[in-house]
Amino acid sequence: MNFPENLKYTKDHEWVRVEGNIAIIGITDFAQGELGDIVYVEIETQGEDLKHEEVFGTVEAVKTVSDLFMPVSGKVLEVNPKLVSNPEGVNKDPYGNGWMIRVEMSNPSEVKNLMTVADYKALIGH
Amino acid sequence: MKNTALSSKHISLGAKMVPFAGYNMPVSYSGLNEEHLTVRTAVGVFDVSHMGEFILKGKHALDLIQRVTSNDASVLTDGKVQYSCLPNDKGGIVDDLLVYRIDSETYLLVVNASNIEKDWNWISDHNSLDVEMKNISEATSLLAIQGPYALATLQKLTDVKLSDMPYYTFKKGVFNGVENVIISNTGYTGAGGFELYFPNEVAEKMWDAIFEAGKEYGIKPIGLGARDTLRLEMGFCLYGNDIDDSTSPIEAGLGWITKFSKEFTNSKKFLEQKEKGVLKKLIGFEMIDRGIPRHDYEIVNAEGKIIGKVTSGTQSPSLQKGIGMGYVPVSSSKADSEIYIRIRDKNLKAKVVKTPFLKNA
């Protein structure tokens, strides 16, 4: 399993790439492995202002369904358009083609509450 | 938690393990879709040693089986297998099972892992004729080898002519040098293939030989996840989901294994249901709108009224759409009836279809 050093993580198994006041968000390699083959990703919150830990979408695997939680508060600017035709991109490339949303953070100081890669690895016992 | 004789093998192959019916079982290895398609197009191996096996022996073994099961076991001859169920006295089902006739006084019953104790007690309670009963579940391993190349794989390891064996028959024979292996032309996938019963002691040796024999066909280990999607594409019932202590075999579409040529537990009530009809029926449905139905989701009609619940549901790896089963009132049970599945506060359109979902599997 792969966990890039330059990302931040949450206990709900999302990753966050911070670029100024923009956060790019997806789910971790561990999460995609636990879910198994992802069939589709339903995100209908584009343009909405959501708070930290609110649900921004749902990911459906063959056997399970799981909610997706906001790691930080902000406005959902963009949903990865490739997810509709290529949901398995989340399995194959969770940190690249499988990114999910781009968020304009309303409170960038929340970033300091996110987990480091070391904390996240400890959480999942990796 | 119990292990099968092959649990360490699964772990060494990188399987994701889950507790199931008290056993540490592989749910997937390389990925559910890939495993599923391997069984549909090549050959896959399931360790289903958690299943229960009882031997019933004696002059009255058939009488006991006739009393507790719904199908007519008197039509079996040596080497034949029958799908059946154990009705309870409240109109529901204790379990579904396979009945193997070894000889006229010896039968093998194969039951669901989660029901071993319940079934044992139920059959024992009805054993008024001193039939000898032996629970060989813990000592017995069971592998299901399924898929279009299952026969070619297994034929390398036995002189028993597998292509001469009809569906739902079995032979006891030498397999991979092991005597008295039960080679059964059965399965739970609709992909064709065999199931093998043998003692735990030879399990690793059997597993290794089968994988060596199947290498040229791309043989793979298959987990319980794909076992569920494969059986659901065929519309096969899963005990605990589609049938249980409260569902009647007539409602579940199991009239074909409910025979009134004999008397058995609650047969009068089932005969009445068959003649007068039932209020609800187990149906198969396909999603028209995009969505995946899952166990316990509500089924609603066009007016938004709840008419039932999904008992099994998944995304079908072969058909690439959502499929499921559930109980609905008879008025909504005809093929092509429009129903809706409530998925995350939305009523998504589906239609009733005849099973199997996958035709010509």
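Within every chain, numbering begins at 1; the chains are lettered A, B, ... in the order of the sequence lines, protein sequences first and strands thereafter. Scope of the values below: all heavy atoms of this structure, side chains included, with no hydrogens, waters or symmetry mates.
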Please find out if less than 6.0 Å separates the ring center of A:His126 from that of A:Phe3.
yes
Interface residue of largest heavy-atom contact number with chain A, from B:Gly322, B:Gly291, B:Pro317, B:Ser316, under 4.5 Å
B:Gly291
With a cut-off of 6.0 Å (strictly less than), are more than 12 heavy atoms of other residues, nucleotides or ligands near NZ of A:Lys75?
no
Are A:Phe56 and A:Phe69, when compared by the centres of their aromatic rings, separated by less than 6.0 Å?
no
Just give me the residue among B:Leu32, B:Thr314, B:Asn33 that pairs up with chain A most often, heavy atom to heavy atom, under 4.5 Å.
B:Asn33
To check you understand the geometry: which heavy-atom pair defines the closest contact between B:Thr4 and B:His50, and what is its length?
CG2-N, 4.3 Å
Can you tell which part of A:Thr58 gets under 4.5 Å to a heavy atom of chain B, answering side chain, backbone, both or neither?
side chain
Tell me whether A:Glu42 is salt-bridged to B:Arg344, with the criterion being a basic N under 4.0 Å from an acidic carboxylate O.
yes
Among B:Lys16, B:Arg290, B:Gln315, who wins on heavy-atom pairs under 4.5 Å with chain A?
B:Arg290
Engaged part of A:Val62 at the chain B interface, taking heavy atoms whose separation is under 4.5 Å
both
